[in-house]
Asks: 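One structure, as C-alpha cells, below. Some questions next.
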Amino acid sequence: MGNASLSGQLVPQLALLTNLQYLELYANNLSGHIPVYLENLTNLVSLDLYFNNFDGPIPDALGKLFKLRFLRLYSNNLSGSIPMSLTNLYSLKVLDLSSNRLSGPVPHNGSFSLFTAVSYANNLDLCGPITEKPCPGSSPPAVSSPDGDGKPNIGAIVGGVVAVWCYYLLLW
C-alpha cells in the first residue's frame, strides 16, 4: 500500500494482523505517532513507513519485533532519542532513520554496530562517534601512550620538545 494516497492515522485494528510480514505504507500522507500496538505484529519482517508525516518518538515497543530485517522510517517528523531496545533486533539488516528530528546519542552496540552514518543522516541533534559530533558532556578521546594505558606519555612529549629545541640551537 505504498504510494497509495492514504492519509490519517494508523488504526488499532492493524494489531490484529499478527501473521503480517510486510507493512509497507511508505510515501503516503499518514500522520500521528507510530503506534505502540505494532509490537503485536511479531512476524513482521519489513516495516516501511518512510515519506509520511509521522511525529513523536520511535516506540520502544518496536524492539520486540525480533524477526524485523528492514526498518525504514526516514523522511518523517520523528523526534526524541533512538530506543536502545532496537539494538536487540539481531535480524535487522537495513536501518534508515535519516531525515527526521531525532536527538541524543546514536547506539553503537548490538545490531547497530552494522550501520553507517547514512542510516542517521539529516538528524541535526544526533551525536556520537558515528555522527562525528560529540555528545554533550562526553570527553574528547585521550591520546594514548605506547603502553596502551590511555594516558598521554608526558616523557615522550617533553623529549620531543627538547629534541626540536636542541635542533634549532645547533642551526643557530
Side-chain angles (χ1 to χ4, degrees), residues 1-138 140-141:
M1 305 235 354
N3 204 17
S5 299
L6 299 175
S7 62
Q9 297 183 357
L10 297 180
V11 295
Q13 291 81 357
L14 191 59
L16 301 175
L17 303 174
T18 56
N19 291 320
L20 189 67
Q21 292 184 328
Y22 297 88
L23 182 56
E24 298 184 354
L25 298 171
Y26 56 86
N28 282 293
N29 195 25
L30 298 170
S31 59
H33 288 21
I34 296 174
V36 173
Y37 58 73
L38 291 182
E39 72 183 343
N40 295 332
L41 305 179
T42 56
N43 288 305
L44 212 56
V45 171
S46 180
L47 179 58
D48 290 314
L49 300 177
Y50 58 90
F51 282 126
N52 277 291
N53 293 307
F54 288 107
D55 59 18
I58 298 171
D60 190 53
L62 295 185
K64 295 180 181 177
L65 301 176
F66 296 113
K67 294 181 181 179
L68 204 60
R69 279 189 246 153
F70 306 93
L71 178 58
R72 292 176 278 231
L73 303 176
Y74 62 89
S75 294
N76 279 288
N77 294 306
L78 299 172
S79 59
S81 61
I82 298 171
M84 287 300 292
S85 65
L86 297 182
T87 65
N88 295 323
L89 299 178
Y90 292 105
S91 295
L92 202 58
K93 301 296 180 220
V94 174
L95 174 72
D96 195 339
L97 304 176
S98 64
S99 299
N100 279 290
R101 296 182 299 122
L102 298 172
S103 59
V106 174
H108 57 275
N109 55 323
S111 62
F112 275 51
S113 64
L114 304 172
F115 306 118
T116 65
V118 173
S119 295
Y120 316 104
N122 300 317
N123 283 285
L124 297 178
D125 292 325
L126 284 178
C127 61
I130 197 153
T131 66
E132 298 182 4
K133 179 181 175 187
C135 293
S138 65

Asks: May I ask you to decide if Asp48's main-chain N or O and Tyr22's side chain share a donor-acceptor pair within less than 3.5 Å?
Replies: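 Not confirmed, Tyr22 side chain does not pair with Asp48 backbone.
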Asks: Would you indicate whether the side-chain heavy atoms of Lys67 and Asn43 approach each other to under 4.5 Å?
Replies: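 With C-beta onward as the side chain, the pair touches.
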Asks: Between atom CG of Asn123 and atom OG of Ser99, what is the distance when rounded to the nearest 0.5 Å?
Replies: 7.0 Å
Asks: Check whether any side-chain N or O of Arg101 sits under 3.5 Å from a backbone N or O of Asn77 as a donor-acceptor pair, and report yes or no.
Replies: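 Flag set: sc Arg101 to bb Asn77 pair under 3.5 Å.
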Asks: As a test of understanding, state which of Val45, Leu62, Leu44 forms a side chain to side chain contact (heavy atoms under 4.5 Å, CB included) with Leu68.
Replies: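 Answer to the side chain to side chain contact (heavy atoms under 4.5 Å, CB included) test with Leu68 among Val45, Leu62, Leu44: Leu44.
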Asks: With side chains defined as the heavy atoms from C-beta onward, is the minimum distance between Glu24 and Ser46 less than 4.5 Å?
Replies: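 Yes, close enough: below the 4.5 Å cut-off.
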Asks: Between Asn28 and Ser5, what is the shortest heavy-atom contact and its length?
Replies: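 Heavy atoms only, the tightest pair is OD1-N, 3.0 Å.
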Asks: Would a line drawn from the ring center of Tyr74 to the ring center of Tyr50 be shorter than 6.0 Å?
Replies: yes
Asks: Quick one, Pro12 and Pro35 - any side-chain contact, counting heavy atoms below 4.5 Å?
Replies: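 Counting from C-beta outward, Pro12 and Pro35 never come under 4.5 Å.
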Asks: Salt bridge or not for Arg72 and Asp96, using N-O below 4.0 Å?
Replies: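 The answer is no: the pair does not qualify as a salt bridge.
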Asks: Please check if any side-chain donor atom of Asp55 sits under 3.5 Å from a side-chain acceptor atom of Asn76, or the reverse.
Replies: no
Asks: Look up atom CG in Asn100 and atom OG in Ser103, then write down how far apart they are to the nearest 0.5 Å.
Replies: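 If I round to the nearest 0.5 Å, the distance is 11.0 Å.
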Asks: For residues Phe112 and Ile82, determine if any side-chain heavy atom of one lies less than 4.5 Å from a side-chain heavy atom of the other.
Replies: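 The answer is yes, as the side chains (C-beta and beyond) meet within the 4.5 Å cut-off.
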